[in-house]
Amino acid sequence: MAKLDRKGKRAQWTKARNGERAYNSALRSVAKQVGAIVKGMAPKGVLSDVKPLLKALTDYAKIIEPWAGSVAGMMLADVARRDKQMWKQTSQEMGTELRQLLTSDAPVSQALAGLQAEQVSLIKSLPLEAAERVHSLSLQSLIESRRASEVAAEILATESVTEGRARTIARTEVARAASNLTQARSQYAGSDGYIWRTSGDMNVRESHEKMEGKY
């Protein structure tokens with residue numbers, strides 16, 4: 001039974017990682033497009049007028065909103081399916097009434113709606129933050145008298161910076177979505193607390209490790 005449990009947990013972890021990779025890939029595609037816009041309008045990192053580039057990035061953030069909603073929706077639907085399946089598996093020995101509460105879709109609908117809006121905002125923030133970064137760099141070249149070559153290099157690095165931000169969003173938001181849905185179901189069933197558990201790997205933060213096993 002223990003082996004089956006371990007296999008089941010490993011399969012769930014693999015599915016979660018696959019979902020994170022898919023979301024990561026989608027968000028990185030935004031970073032690549034941001035890079036294409038920057039390089040297209042400032043091929044050598046030099047801008048005589050930053051306003052057209054800022055407008056292009058801002059317009060891009062507006063254009064991708066429907067796509068962002070679709071991508072976020074697919075990610076959240078995947079997380080919600082795994083969450084519901086987990087509760088089904090762990091509630092087999094519970095009473096019928098409690099099992100129905102834990103596997104109901106009612107407690108997660110509101111949480112999903114809030115998460116959806118947050119994800120769309122985060123995806124749109126990628127080109128918007130890139131625009132702010134380019135604007136700041138342009139001002140630095142004027143106000144701080146930085147070397148033009150340094151500023152140009154940093155402007156051309158906008159894609160890699162945005163891609164790093166995309167990876168962070170994918171990693172943290174998939175995990176946060178799963179946590180929020182678990183919390184929503186637990187509270188709906190009447191739970192008023194939880195026991196902290198870490199993943200037990202080398203990536204666990206020191207502060208999180210100290211909370212292991214605590215209520």
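What you see is a predicted model; the values in this text were computed from it and never measured.
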Review point. Which is it for L137 and R133 under the side-chain contact (heavy atoms from CB on, under 4.5 Å) test, yes or no, and what are the steps along the way?
Key: CA-CA 6 Å; L137 288 168; R133 182 175 182 276; 3.6 Å; yes

Can you tell me how far apart [atom1] ([X]) and [atom2] ([Y]) are? Round to the nearest 0.5 Å.
X    : Y    : atom1 : atom2 : answer
I195 : E212 : CD1   : CD    : 9.5 Å
L112 : L76  : CG    : CG    : 6.0 Å
E20  : R167 : CD    : CZ    : 11.5 Å

Review point. Who are the side chain to side chain donor-acceptor pair (under 3.5 Å) partners of T182, not counting sequence neighbours?
Key: D83

Exercise for review: Take R165 and E129, measure what salt bridge (Lys or Arg N to Asp or Glu O under 4.0 Å) needs, and give me the verdict at the end.
Suggested key: CA-CA 10 Å; R165 172 66 175 148; E129 288 179 3; 3.5 Å; yes

Review point. Just one of L181, V79, L115 clears the side-chain contact (heavy atoms from CB on, under 4.5 Å) bar with R176, so which one?
Key: L115

Is there a path of hydrophobic side-chain contacts, each under 4.5 Å between heavy atoms, that joins [X] and [Y]?
X    : Y   : answer
V120 : M74 : no
I64  : M75 : yes
L54  : L47 : yes
L126 : V71 : yes

Donor-acceptor pairs are to be reported for all side-chain atoms of residues 24-45 against protein atoms at under 3.5 Å, with residues two or more places apart or in another chain.
from : atom 1 : to   : atom 2 : distance (Å)
R28  : NE     : E163 : OE2    : 2.8
R28  : NH2    : E163 : OE2    : 2.9
S29  : OG     : A26  : O      : 2.4
K39  : NZ     : E159 : OE1    : 3.3

What pair of heavy atoms forms the shortest contact from [X] to [Y], and how long is it?
X    : Y    : value
I155 : T158 : O-OG1, 2.6 Å
E173 : Q119 : OE1-NE2, 2.6 Å
L128 : K124 : CG-O, 3.3 Å
M211 : W196 : O-CB, 3.3 Å
A130 : L57  : C-CD1, 4.1 Å

Check your understanding: Y23 versus I123: any side-chain heavy-atom pair under 4.5 Å?
Key -> yes

Check your understanding: Hey, is the main chain of A175 close enough, under 3.5 Å, to the side chain of S179 for a donor-acceptor pair?
Key -> no

Check your understanding: Would you say S121's side chain and A117's backbone share a donor-acceptor pair under 3.5 angstrom?
Key -> yes

**Study point:** Neighbour count >12 (heavy atoms, 6.0 Å) for atom CD, E150
**Key:** yes

**Study point:** side-chain contact (heavy atoms from CB on, under 4.5 Å) between E154 and V151, intermediate numbers included
**Key:** CA-CA 5 Å; E154 288 196 41; V151 174; 5.8 Å; no

